[in-house]
Q: 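The structure under discussion is supplied below as structure tokens; questions concerning it will follow.
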Amino acid sequence: MKSSCGHFGICGGCTNLSMDYGKELSKKEQFLKETFSAFRHVEIRPILASPSAELYRHKLQLPFGRRVIGKKVITTLGLFNRESTFIVDQNECLIQEQALTEITQAVKLWARKEGLPPYNEKSKRGILKYLVARKSFTTKEILVGIVTAQEHIPHPKDLSKRLHNHITDRIGKSGKYGKLVGIIQNINLRHTSMALGREENLLWGRPYINESIGKYRFRVGLSTFLQVNPSQTPSLYNLILDEIEKGSRVIDAYSGIGTISLWLSGVAKEVIGLEENPNSHKTAIEALKNNHISNVKFRKGRVSETLPMLLAQDYSTVVLDPPRSGLGEEVALELANSRIQKIIYVSCDPISLRDDVRILSKNYYLSSLQPVDMFPKTDHLETVAVLNRKA
Ligand SMILES: C[S@@+](CC[C@H](N)C(=O)[O-])C[C@H]1O[C@@H](n2cnc3c(N)ncnc32)[C@H](O)[C@@H]1O
């Protein structure tokens with residue numbers, strides 16, 4: 001099958017773009033089966049397809065780059081190529097929401113016109129590091145962030161006014177593509193692969209979008225985690241909810257802005273969410289108030305520090321939703337030696353999930369694996385694993 005995206009084959013984003021969706025789902029199921037072939041008694045359920053396989057991503061994070069043509073240097077913006085050797089100058093994208101692609105073009109044009117130099121990792125010079133943008137699935141509000149390698153940008157007021165004009169010219173005022181509500185400068189002085197820095201300057205509007213997941217409402221900023229495929233998020237969360245016993249006490253580790261904690265609050269007696277990102281923690285606490293929830297609380301800090309004390313208390317269930325790297329040995333061992341009855345592990349990387357499950361297997365057996373397609377057209381795979389304590 002031929003892909004209809006001009007960047008296919010070069011861009012590192014969509015490895016499965018030319019594949020029939022049914023085939024892609026089978027490939028992901030097969031990969032999970034192979035990864036867990038040593039776990040003979042686990043039930044591997046059929047993969048849950050995404051309601052939309054295109055234009056589903058509601059967040060983008062693209063590095064700025066440069067292309068030299070003769071004596072001219074042109075600012076580029078897009079994902080890295082498959083070999084990670086250059087940045088593909090993105091003109092279109094079949095998986096990110098259309099407004100975000102329009103914004104990419106607007107920001108690129110703005111950067112070129114303003115002559116703002118892209119940051120160069122080798123020389124450690126330049127200003128523009130990343131464009132980060134997100135659009136709400138439910139309110140269509142859009143937040144745009146420009147990550148800079150230095151705090152000072154020349155004439156920030158004029159620059160942001162012209163950026164605002166470029167974006168609104170591109171997305172129009174009809175509301176068809178959504179509504180721009182804020183522009184943020186995020187300052188990242190570190191020379192690491194992490195896109196976002198800790199400090200933010202609001203250049204225009206407000207620093208968050210309003211988003212709902214089911215009946216729960218959240219204010220989502222630039223630096224807080226939110227599932228990127230909102231059409232699939234409620235199904236993912238319902239798979240977790242199905243495993244929660246009514247009236248149980250639940251620990252939600254790696255809780256982000258508290259989306260899973262709130263989702264479980266109607267069935268659990270009590271939920272405690274653990275999160276290290278201070279912005280996410282603050283947003284989660286605000287969400288409790290805005291949604292009138294009284295049986296959920298949040299604790300700020302690293303899971304390795306906050307979880308051990310809780311494991312000694314009367315909680316029956318732990319939900320885990322760590323970053324791609326997984327739990328790591330320290331947290332996995334702590335859990336493996338606990339008396340928690342059930343572990344519901346939401347993972348975006350089958351390999352780190354398998355490594356963690358190996359450690360947990362000391363006192364837990366892996367009951368089921370439910371693959372969920374959160375990232376169509378890519379090789380990424382989300383899985384909900386359920387582990388029960390051995391008798
Ligand atoms: C995959 S996200 C899941 C967030 C949330 N459960 C959701 O569905 O939106 C992982 C979260 O773990 C947080 N995190 C990463 N490492 C952590 C650690 N060591 N301790 C606590 N939180 C951590 C991140 O800030 C992020 O919010």
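Start at 1 and go down the list; that is how both ligands and their atoms are numbered.
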Q: Without swapping roles, check the side chain of Glu97 against the backbone of Ala99 for a donor-acceptor pair under 3.5 Å.
A: yes
Q: For atom 12 (O) of ligand 1, what is the nearest protein heavy atom, given as residue, atom name and distance?
A: Tyr254 CB, 3.4 Å
Q: Take the angle between the ring planes of Tyr237 and Trp263 and call it parallel below 30°, perpendicular above 60°, tilted in between.
A: perpendicular
Q: Give the atoms of ligand 1, by number and element, whose distance to some non-hydrogen atom of Gln227 is under 4.0 Å.
A: 7 (C), 8 (O)
Q: Could you find the nearest protein heavy atom to atom 13 (C) of ligand 1 and give me its residue, atom name and distance?
A: Glu275 OE1, 3.2 Å
Q: Give a yes or no on whether Lys140 atom NZ has more than 12 heavy-atom contacts from other residues, nucleotides or ligands under 6.0 Å away.
A: yes
Q: If the cut-off is 4.0 Å to any non-hydrogen atom of Gly301, which atoms of ligand 1 fall inside it?
A: 20 (N), 21 (C)
Q: Would you mind telling me if ligand 1 is within reach of the side chain of Pro322, the backbone, both or neither, using heavy atoms under 4.0 Å?
A: backbone
Q: At under 4.0 Å between heavy atoms, is it the side chain or the backbone of Ser255 that contacts ligand 1, or both, or neither?
A: backbone
Q: Is there any N or O on Ile260 that sits under 3.5 Å from an N or O of ligand 1?
A: no
Q: Hey, is Cys348 one of the residues with a heavy atom under 4.0 angstrom from ligand 1?
A: no
Q: Below the 3.5 angstrom mark, is there an N/O of Asn277, backbone or side chain, next to an N/O of ligand 1?
A: no
Q: Which atoms of ligand 1 sit under 4.0 Å from any heavy atom of Pro323?
A: 15 (C), 16 (N)
Q: Check this for me, if you would: do Arg358 and Asp355 make a salt bridge, where the nitrogen-to-carboxylate-oxygen distance has to be below 4.0 angstrom?
A: yes
Q: If you count every heavy atom of other residues, nucleotides or ligands that lies below 6.0 Å from Lys72 atom NZ, does the total exceed 12?
A: no
Q: How far is atom 8 (O) of ligand 1 from its nearest protein heavy atom, and which residue and atom name does that atom have?
A: Tyr237 OH, 2.7 Å
Q: At what distance is the nearest protein heavy atom to atom 6 (N) of ligand 1, and which residue and atom is it?
A: Asp321 OD2, 2.9 Å
Q: Gln185 and Thr148: side-chain donor and acceptor closer than 3.5 Å?
A: yes
